[in-house]
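Worksheet: one structure, shown below.
The first residue of the sequence shown is numbered 1, and numbering continues consecutively from there. Side chains are part of it too, since the values below use all heavy atoms of this structure and drop only hydrogens, waters and symmetry mates.
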Amino acid sequence: MKVYKFGGASVKDAKEVQNVLHVLQTVGYTDTLLVISAMGKTTNALEMVIKHYFEKSNELNASLLEVKKYHYQILDELFNNEEHEVYFDVNNHFADLEYFIRSNKSPNYNFVYDQIVSYGEIISTTIVSHYFNAQGLTNNWLDVRNFVKTDTTYRDAVVDWNTTQELITKGVNRNALNITQGFLGSDPNSFTTTLGREGSDYTAAIFAYCLDAESVTIWKDVPGVLNADPRYFENATLLHQISYREAIELAFYGATVIHPKTLQPLQKKEIPLYVKSFVNPMLAGTSVSKGADLEPQTSCFIVKKNQLLLSLSSLDFSFIMEENISEIFALLHQFKIKVSLIQNTAISFSICIEDKFTNFEALKTILSQKFSVSYNENVSLYTIRHFDKAASELVEKDKTVLVKQISRETLQLVTKE
């Protein structure tokens, strides 16, 4: 069995949905499970709905209407028949969403977030499944929340692998075309959870692991994995082959083409991962598997924008010792703040962090009770794997370097531009 993942760009409008059908007809779709994301920028649009919901804004209805109009336009272009049952199903999904918005009593932002944004994937896959059926590609629509079980860490849920394995093994027909949602799961109380932004890749890996899949293919609007983000670097090079280990390193440092959690379950069973273009599906793309670290051998550039460089020093000029560092990391874990770089001296401790859940102000208040706190906002973290002098000079040009760290294979720079 194969697992294919199609992201939001691949289903952003009616033309692209039709192109997904073309891709499947070109490369084959028997014994395949499709993991599909929300359409286009739907998750962003639903985040705006959530913002207006919590602010009790008069714009709430208008922002929700925009989401509905966007999907109904795609429906009309694909079906042009309001009597088709897909309209009934999509109407019901939107009715459920509106009911939750009216009736919810929970003040927990992360809980509300997961319940609302999940409708992006639910509605997207409903439309795609009905369209494929109408075009002769009979398929099973699966609600991923009935298969991927997690804890109650909303917006970054941890998978219950034993239960998930059992449900997928028993519930997925391996001899059919299946369509399900990425990014989502459900907790022990059957409330929706999400696996973190860009978690659809991870969903594909979860199903592949549990089904002992032949391979996973992530279909994107780029020819494969590049050695640099073309938005920030010119002349990016296509990587034909990456080892699991190298791909995990790149993902850890922030390469967005592959979700950081995706590779671990695939590596355990040596399931190859392919990153290919849905624009040119017959191109070879990039293979992630056992073998050479990189082909071709070249420097790889990763940049994470909007980071925060936090520096702590003791109030009485005493050393920052293990017990201090342990306390700091316990707080970082408590506030769900990711650390990407660490540098320390005898009396100071600096970290480059990502405040995904906007908890920094609360963290800073606590840290200020024991440490002198200073920080730089909106810094960039550059990581160069397999660096050389030319690669370093390219990144440092016209930037103020705040921190620089070098190891055998990796150079990291925190810069202010």
Query raised in the report: Mind checking what makes ring pair (Phe, Tyr, Trp, His ring centres under 6.0 Å) contact with Tyr109, not counting sequence neighbours?
Result: Phe54
Query raised in the report: Would you say the side-chain atoms of Asn139 and Ser129 include a donor-acceptor pair closer than 3.5 Å?
Result: yes
Report summary line: Looking only at heavy atoms, the pair that brings Ile384 and Ser299 closest together is CG2-CB, 4.2 Å
Query raised in the report: Any sub-3.5 Å donor-acceptor pair from Thr410's side-chain atoms to Ser407's backbone N or O?
Result: no
Report task. To the nearest 0.5 angstrom, please state how far the CD atom of Gln241 sits from the CG atom of Leu294. Result -> 8.5 Å
Query raised in the report: Would you call Glu47-Lys51 a salt bridge at under 4.0 Å N-O?
Result: no
Query raised in the report: Heavy-atom distance under 4.5 Å between the side chains of Ile179 and Phe132, does that happen here?
Result: yes
Query raised in the report: Can you check whether Tyr253's main-chain N or O pairs, donor with acceptor, with Gln412's side chain at less than 3.5 Å?
Result: no
**Report entry** Charged N-O contact under 4.0 Å between Glu166 and Lys170
**Finding:** yes
Query - Taking every non-hydrogen atom, the tightest pair across Thr43 and Ala38 - result: OG1-CB, 3.9 Å
Query raised in the report: Just checking, any donor-acceptor pair under 3.5 angstrom between side chains of Ser106 and Asn104?
Result: no
Requested in this report: Sequence neighbours left out, what pairs pass ring pair (Phe, Tyr, Trp, His ring centres under 6.0 Å) with at least one residue falling in residues 312-337?
Outcome: none
Report task. Could you walk me through whether Thr150 and Thr193 pass side-chain hydrogen bond (donor to acceptor under 3.5 Å, both in side chains), step by step? Result -> CA-CA 7 Å; Thr150 73; Thr193 57; 2.8 Å; yes
Query raised in the report: Is there any ring pair (Phe, Tyr, Trp, His ring centres under 6.0 Å) pair reaching into residues 226-246, and which pairs are they, with sequence neighbours excluded?
Result: Phe233-Phe301
Requested in this report: Classify the side-chain pair Ser277/Trp219 by whether it contains a donor and acceptor separated by less than 3.5 Å.
Outcome: no
Query raised in the report: Is there any salt bridge (charged side-chain N to carboxylate O under 4.0 Å, His left out) pair reaching into residues 285-304, and which pairs are they, with sequence neighbours excluded?
Result: Glu270-Lys290, Lys304-Glu354
Report task. May I ask you to test the Ile218-Lys276 pair for a side-chain heavy-atom distance under 4.5 Å? Result -> no
Report summary line: Tyr202 meets the ring pair (Phe, Tyr, Trp, His ring centres under 6.0 Å) criterion, sequence neighbours left out, with none
Report task. Side-chain contact test, heavy atoms from C-beta onward, threshold under 4.5 Å: evaluate it for Trp161 versus Pro265 and give yes or no. Result -> yes
Report task. Would you check if Asp143 and Asn146 make a side-chain contact, meaning some heavy-atom pair closer than 4.5 Å? Result -> yes
Report task. Please name the pair of heavy atoms, one in Gln165 and one in Tyr209, separated by the smallest distance, quoted to 0.1 Å. Result -> OE1-CE2, 3.9 Å
Query raised in the report: Hey, is the main chain of Val3 close enough, under 3.5 Å, to the side chain of Thr32 for a donor-acceptor pair?
Result: no
Query raised in the report: Does a side chain donor of either Thr203 or Ser200 reach within less than 3.5 Å of an acceptor in the other side chain?
Result: no
Requested in this report: Without swapping roles, check the side chain of Ser326 against the backbone of Glu322 for a donor-acceptor pair under 3.5 Å.
Outcome: no
**Report entry** Any donor-acceptor N or O pair under 3.5 Å, side chains Ser350, Ser311
**Finding:** yes
Residues 370-381, side-chain donor-acceptor partners within the protein, below 3.5 Å, at least two apart:
residue : atom : partner : partner atom : Å
Lys370  : NZ   : Glu327  : OE1          : 2.9
Tyr375  : OH   : Lys364  : NZ           : 3.2
Ser380  : OG   : Glu417  : OE2          : 3.3

Report task. Scan for salt bridge (charged side-chain N to carboxylate O under 4.0 Å, His left out) pairs involving residues 228-254, sequence neighbours excluded, and state none if there are none. Result -> Asp229-Arg231, Glu246-Arg385
Query raised in the report: Taking the six-membered ring of Phe207 as reference, does the NZ or CZ atom of Lys5 fall below 6.0 Å from its centre and within a 45° cone about the axis?
Result: no
**Report entry** Close side-chain approach of Leu367 and Leu331, heavy atoms under 4.5 Å
**Finding:** yes
**Report entry** Polar side-chain atom of Ser118 near backbone of Gln115 as donor-acceptor pair, under 3.5 Å
**Finding:** yes
Query raised in the report: Will you find, in the side chains of Glu361 and Thr365, an N or O donor that is under 3.5 Å from an N or O acceptor?
Result: no
Query raised in the report: Only one of Val275, Asn227, Ile248, Val225 clears side-chain contact (heavy atoms from CB on, under 4.5 Å) with Ile242; which?
Result: Val225
Query raised in the report: Judged by atom type as modelled, is there a donor-acceptor pair below 3.5 Å linking the side chain of Asn19 to the main-chain atoms of Phe278?
Result: yes
Query raised in the report: So, does Ser348 use its side chain to make a donor-acceptor pair with the main chain of Ser313 at under 3.5 Å?
Result: no
Requested in this report: Could you tell me whether the side chain of Leu167 reaches within less than 4.5 Å of the side chain of Lys149, counting heavy atoms only?
Outcome: yes
Query raised in the report: Which pair of non-hydrogen atoms, one from Tyr4 and one from Leu24, has the smallest distance, and what is that distance?
Result: CD1-CD2, 3.7 Å
Requested in this report: Decide yes or no for Lys356 and Ile337: does some side-chain heavy atom of the first lie under 4.5 Å from some side-chain heavy atom of the second?
Outcome: no
Report task. Indicate whether any N or O donor in one side chain lies under 3.5 Å from an N or O acceptor in the other, for Asp316 and Ser318. Result -> yes
Query raised in the report: Heavy-atom count around Asn108 CG within 6.0 Å, excluding the residue itself: above 12?
Result: yes
Query raised in the report: What's the spacing between Asn110 CG and Ile50 CD1 if we round to 0.5 Å?
Result: 10.0 Å
Query - Exercise: identify the closest heavy-atom pair between Ala236 and Ala228 - result: CB-O, 3.6 Å
**Report entry** Exceeds 12 heavy-atom contacts within 6.0 angstrom, atom NZ of Lys269
**Finding:** yes
**Report entry** Min side-chain heavy-atom separation Ile36-Glu121 under 4.5 Å
**Finding:** no
Report task. Ignoring hydrogens and angles, state whether a donor on the side chain of Glu396 or Ser392 is under 3.5 Å from an acceptor on the partner side chain. Result -> yes
Report summary line: Tightest non-hydrogen contact, residues Cys210 and Thr169, listed as O-OG1, 3.9 Å
Query raised in the report: Could you give all pairs that pass the ring pair (Phe, Tyr, Trp, His ring centres under 6.0 Å) test and reach residues 383-417, with sequence neighbours left out?
Result: none
Query raised in the report: Are Thr194 and Asp114 close enough that a side-chain donor and a side-chain acceptor fall under 3.5 Å?
Result: yes
Query - Qualifying salt bridge (charged side-chain N to carboxylate O under 4.0 Å, His left out) pairs, either residue in residues 12-38, two or more places apart - result: none
Query - Set of residues satisfying ring pair (Phe, Tyr, Trp, His ring centres under 6.0 Å) with respect to His52, sequence neighbours excluded - result: none
Query raised in the report: Quick check: does any side chain N or O of Asp388 sit under 3.5 Å from a backbone N or O of Ala391, one acting as donor and the other as acceptor?
Result: yes
Requested in this report: Please collect all salt bridge (charged side-chain N to carboxylate O under 4.0 Å, His left out) contacts where either partner lies in residues 57-70, sequence neighbours excluded, each pair once.
Outcome: Glu66-Lys69, Lys68-Glu98
Requested in this report: Give me the one residue out of Thr237, Thr383, Leu226, Leu250 that meets side-chain contact (heavy atoms from CB on, under 4.5 Å) with Cys300.
Outcome: Leu250
Query raised in the report: Does Phe111 have any ring pair (Phe, Tyr, Trp, His ring centres under 6.0 Å) partners at least two apart in sequence or in another chain, and if so, which?
Result: Tyr154, Phe191
Query raised in the report: Do Thr192 and Arg145 have a side chain donor and acceptor closer than 3.5 Å?
Result: yes
Query - NZ (Lys268) with more than 12 external heavy atoms under 6.0 Å - result: no
